[in-house]
Amino acid sequence: MPAAEFQGSAAAQFGRSVFSLKRHSHVTPVVMDGGQSLDLDTFQSHVSDCFQQLSSSSSHDLLSLSWLRDLLDSFLRIHHQFKLLILSTPKSHLSKPTVDRLLSDYFERSVKGLDVCNAIRDGIEQMRQWHKLLEIVLCALDRDRTLGEGQFRRAKKALIDLAIAMLDDKDNTTLAHRNRSFGRSNTPAKDYRSVGHFRSLSWSVSRSWSAARQLQAIGNNLCAPRPNEIAATNGLATAVFTVNSVLLFVMWALVAAIPCQDRGLQVHFTIPRTFGWAAPLLSLHERIMEESKRRDRRNACALLKEIHQIEKCSRLISELADSVQFPLSEDKEGEVRQRVQELSELCEGMKEGLDPLERQVREVFHGIVRSRTEGMDSLGKTNE
Amino acid sequence: MEKDEATKTPKASGTPKAPESPAKNDGNPIEDQKEEGDNADQKEKDKDVTDGGDEEDSTPLEPVEILDPHPTLEKLSEDIDRCISSLPRPSEKDESQPEEKDNANNEAKDTKGGDEKDEKDDKEEKDVTDDKVEKEEEKGENQDVKEGEKNDKDEIKDEKELGDEKKDEKETEEAEYCVIEKEKDLVPEELIKLIEKLLNWVDDICCEGRCRWGTVPADDESFMDAVDRMANLRESLLSVCSKGLKFQERHGGLINRLSGIQHRAMAYLEEEFRILLEESKTEADQHTTAADHKDNTSGTKGKNDQESVPESEPETQVSVEYPGYPQEAVSNLNKIAKKMIFAGYEFECCEVYIISRRHAFDENLHKLGLEKHSIDDVQKMHWESLEREIVSWVKALKQCVAFYFSGERKLAEFVFSEHLEISSCLFSNLSRGVMIQLLNFAEGIAMAKRAAEKLFKTLDMYEAVKGVVPKMDELFPEACFNYLKTETTTVLARLGEGAICIFCDLENSIKAETGRNPDTLELVFKEHAKIERNDSTSKSRDEYDASDTSYAVADDESPFAVQLARVMALLDSNLEAKSKLYKEVALSSIFMMNNGRYILQKIKGSPEINACMGDTWCRKRSSELRQYHKNYQRETWSRLLSFLSHEGLSNHGKVQKPVLKERFKSFNSMFDEIHKTQSTWVVSDEQLQSELRVSISAVVIPAYRSFLGRFAQVLDPGRQTEKYVKFQPDDIETYIDELFDGNPAQIANPNSNSSIFNRRRP
């Protein structure tokens, strides 16, 4: 389904460019789907609504897969509305150099968001790998007929692999060595795989890429417009500031929640409280920061709720596996079965949640690219 | 031989009757000594086995080991088989088994306490034996008999007799087990021992290791057999459990240990699988580099070779192709994979496989010169370095499509030949990642700041991606096809759009008459000339076209051609307007010739554009150029030639000297003037330059020669001749050859040396 959509839109976009560019020096506003025009106030209140909604989530939902999907939905909506806003702004306003500068700045920032999207996509792929390791645990402890030493060893091995895979890149190497030798103290050295084997490869960003730096680049020089700026741009400056802040927040939240290369959450939001969306956004920021500082989460590879649950659950199973004696007592077996049941549910939730999340991240990516191209066209600056 | 000897031993010890059974162990050392000479090797092996086992579990088996009736796994297996066959089978109870199994499991849970005891017993080996013998006094007899039966393989009479006895016993057991199950252990002690022995054997291999997989195929075979054997044993033992016997109480520890060793064997296989994947392809690298080398040196030939490989090579030669595993490595991988999947270790096997292949592929791309760049990086990079990246990228993409992907797919299909859904899933995963990486770079380029010099590189990428699209159906399995197709067409659209935008910019800059259009063009074409030289991209043009028809985006080719034609027309009119700015018609013609020729050559040099513009356009262009040439010649040289006309010089057969003098003077000064001016003009295209010179010489020199020959003698020799005949025909030729060099050359005329003209570059 989404495949067909993309194809259609790509082709349409292509066609449009070919033919509209001929007359691009006197661009006619591209008629967007929906076609309605939008004013600044409506845009602001829309953004406020979105963030009110997001921040009303319980602490249980915050940073869960479903919350992230809501977040991305909001982003897509706000992004789309912004596009409508720009397209419904009179050309005479857009051609002002101040506006022009503002929009170019926005496009540049949004391009920086593309790499975050890619890194997040890689992160999702990484989580799929974790999921497979968890499947092994389930396979051993849930689907096998008996619960014996072999099954526990098998689960344990997968859990060790998972623990290594879940380590942050930074301390991966040293800890991985330690853990693996712990895990298999009885096996000779050749038996554990080279640690490099475990490093998950990133497909789309270079080794040196850093999510923290990218976020900083997105947030660089992002400050609320001064009154004279607002006046000079017919209020458009506030909308650009809004959409930039939303971009920064969404990218920041993605990096907070999903594992990716060189995470770092030190991003400051300075937003005047006069904006309706300021309070909910800042409160979300605060809550996520608090979450990241909690003792049990401080060293987590990412703050996604599901990851936390998996960590907890797999640690418990791992401890159980270390403590069991054979034959299993009934209590122990019951406990194991219960943990495994929990894990199984978690796995199911993750499996169901990751694919749509990835699709959405991809949608955000394409959305940014599209609106940038279209925006550039309508500004008549294909050659910047 | 060996077998005979081995069988004798137990026979000897088997003869004693039941009561003596406990003494069996004590008697062993004596036996052992007797046999020492013959069985030295076996004994050593056994010791190892026992040592290996000691680390992990208690080994209650030493006494039996020393007996060593089982020098080989094969033998051991036979014995186990025989014992297993004597176990009560679920047979008619099968239908109700699930229910019973549950019961059995419950019972097993209930009775788990017994296992511990059992294990403890095992540790105190002597006790155990005594204990068991005590418990099973009457059964001990049977057991010994059975042992004898087993070992007296060659004594047919005995075997038959004992076989009957066994059968009888079994029947009795089956009839009775419901009643006496609580008291009686159906699994003969010997089987337990044999199993322990097998487990130790496996454990030993897993712990101690041995030579790498594939070096001694027979060993690999027997290990695999052992794995099967364990699986069967587990099945048998569990099925005994399911009969509700009090089996678990006694032997839960054994089942437990069996599962442990099974896991260990799987972990061992997994490790061997990984090592095979990672280390047996060293040969392959040589293959690849050799292929690469060939590719570099022989250009398209190499490429064709590689492209034809997947189709034409029979499947059996897969080892020579890209992933480069030798045949036997692939078949070993296949065997291990089969075994792991059969044992329920599919996830582990796939994990190892996919991670290894991902790393290998990544390395491959790296070797092709492909680096990962984030989109942001691409925006910031200098064009020069991006250009290099694009060349590698185009190459990498083409190679992936030509043989890397199909190679990976075949490898997966060979290794997981019995599980096509697994191989397809693994290949999907891998190719999806690679394509994501490749497309991402293109995405970055399509988004980069547009500039005229990027046009052709962008088009190269566009062509490369476009070449992938029609091949995707056969390249990628369904699982990732839709996703990749969407992504690929999106990227293709963006690249095409990018190229068109560059075009438009070019168009606009020409429209705007910024005056830099020849420079811009120069840049664009220089770029392309470079590509033409060191890249064979355009060669594949035809094949793309052929396959394009089926694909919708192929249509955008015509807007592209339209666009191109429009840009060209614009350029022409722009050039023409520019040429009018030159007051001198000759110079203006040279300007048009220079530019026209340049454009024509570049277009002819690029098959894509040539195809776009068409032959008619080129012919028209050429004739236009000839026209400019004629214009130039007329403008510059026909006036000069008019001085050499014989007309008006003679009156009634008498040469009019003053007129002649005037003619010579005019010729000299005009030629001098032309030389001075036009030797500063630049015609950088050598062919055009020499064409011009030749055509000038062809009209001027014969005319001058004949003029000189006819009228030179009219002048008085000496001073007069010297004054009026400044050039010999040869001089004229020399000077003509100095035209269009861009150098303000001096004619040997002392009068003209000071006049230096402003250099004008046409």
Side-chain angles (χ1 to χ4, degrees), chain A residues 2-3 6-7 10-11 13-14 17-19 21-22 24-25 111-112 114-115 118 121 125 129 132-133 135-136 139 144-146 148-151 153-154 157 186-188 190-191 193 196-198 201-207 209 214 217 326-330 333 366 369 372-373 382-384, chain B residues 55-56 109 112-113 115-116 207 209 238 252-253 255-257 259-264 266-267 271 274 344 347-348 350-351 355-356 358-359 362 371-377 379 433 436-437 440 443 447 449-450 482-483 485-486 489-490 493-494 496-497 500-501 504-505 508 552-553 556 559:
Chain A
F6 273 142
Q7 231 161 316
Q13 192 194 351
F14 195 59
S17 321
V18 175
F19 299 110
L21 286 173
K22 286 181 212 162
H24 97 221
S25 42
V111 167
K112 290 186 197 308
L114 297 180
D115 284 323
N118 279 336
R121 176 170 60 173
E125 183 61 32
Q129 295 290 318
K132 284 183 190 141
L133 291 170
E135 287 278 358
I136 296 177
C139 208
D144 213 315
R145 280 163 302 174
T146 56
E149 207 181 321
Q151 285 69 40
R153 278 206 214 149
R154 185 180 179 191
K157 177 163 170 275
N186 51 354
T187 49
K190 60 119 190 150
D191 204 32
R193 303 175 220 175
H197 196 74
F198 271 99
L201 280 175
S202 158
W203 287 117
S204 27
V205 292
S206 57
R207 268 256 167 267
W209 190 82
Q214 198 73 15
F326 300 98
L328 274 183
S329 67
E330 209 173 330
E333 182 164 344
H366 287 301
V369 175
R372 178 178 174 273
T373 320
T382 46
N383 184 21
E384 217 191 321
Chain B
E55 284 175 26
E56 182 62 30
K109 274 179 231 157
K112 280 243 164 84
D115 286 328
E116 226 169 48
C207 284
L238 286 175
I255 294 185
N256 202 20
R257 178 157 146 76
S259 77
I261 301 290
Q262 262 187 303
H263 169 72
R264 180 160 286 182
M266 281 302 138
E271 181 66 9
R274 181 188 69 80
F347 283 114
E348 278 95 339
C350 292
E351 273 295 284
I355 293 177
S356 281
R358 259 178 82 157
H359 281 272
D362 204 51
E371 296 290 336
K372 279 174 205 144
H373 296 289
S374 56
I375 290 179
D376 207 21
D377 283 346
Q379 313 304 306
I436 282 177
Q437 183 187 342
N440 196 51
E443 197 94 56
M447 223 178 293
K449 242 178 172 183
R450 281 154 192 157
N482 277 340
Y483 178 85
K485 177 124 185 175
T486 307
T489 42
T490 310
R494 292 212 177 115
E497 197 178 341
I500 282 169
C501 285
C504 293
D505 295 344
N508 289 329
V553 180
D556 62 46

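Throughout, a chain's letter reflects where its sequence line sits, starting with A, and its residues are numbered from 1.
Taking 4.5 Å as the limit, some side-chain heavy atom of A:R372 sits within range of a side-chain heavy atom of B:M447.
The shortest heavy-atom contact between A:S206 and B:D377 is OG-OD2, 3.7 Å. Closest approach of B:N256 and A:G148 over heavy atoms only: OD1-CA, 3.1 Å. B:H263 and A:R154 get closest at one heavy-atom pair: CE1-CA, 3.0 Å. When all heavy atoms of B:I375 and A:L114 are compared, the closest pair comes out as CD1-CB, 4.0 Å.
Note that the CZ atom of B:R257 and the CD atom of A:E149 stand 8.5 Å from one another [nearest 0.5 Å]. Within the model, atoms CD of B:Q262 and CD of A:Q151 stand 8.0 Å from one another, a figure rounded to the nearest 0.5 Å. To the nearest 0.5 angstrom, B:E351 atom CD is 6.0 Å from A:K132 atom NZ. For the atom pair CZ (B:R358) and CD (A:E125), the distance works out to 5.5 Å, reported to the nearest 0.5 Å.
B:E371 does not touch chain A: none of its heavy atoms, backbone or side chain, sits under 4.5 Å away.
Among B:S374, B:C350, B:G344, B:G260, the residue with the largest count of heavy-atom pairs under 4.5 Å with chain A is B:S374.
Using modelled atom types, no side-chain atom of A:R121 and backbone atom of B:I436 make a donor-acceptor pair closer than 3.5 Å.
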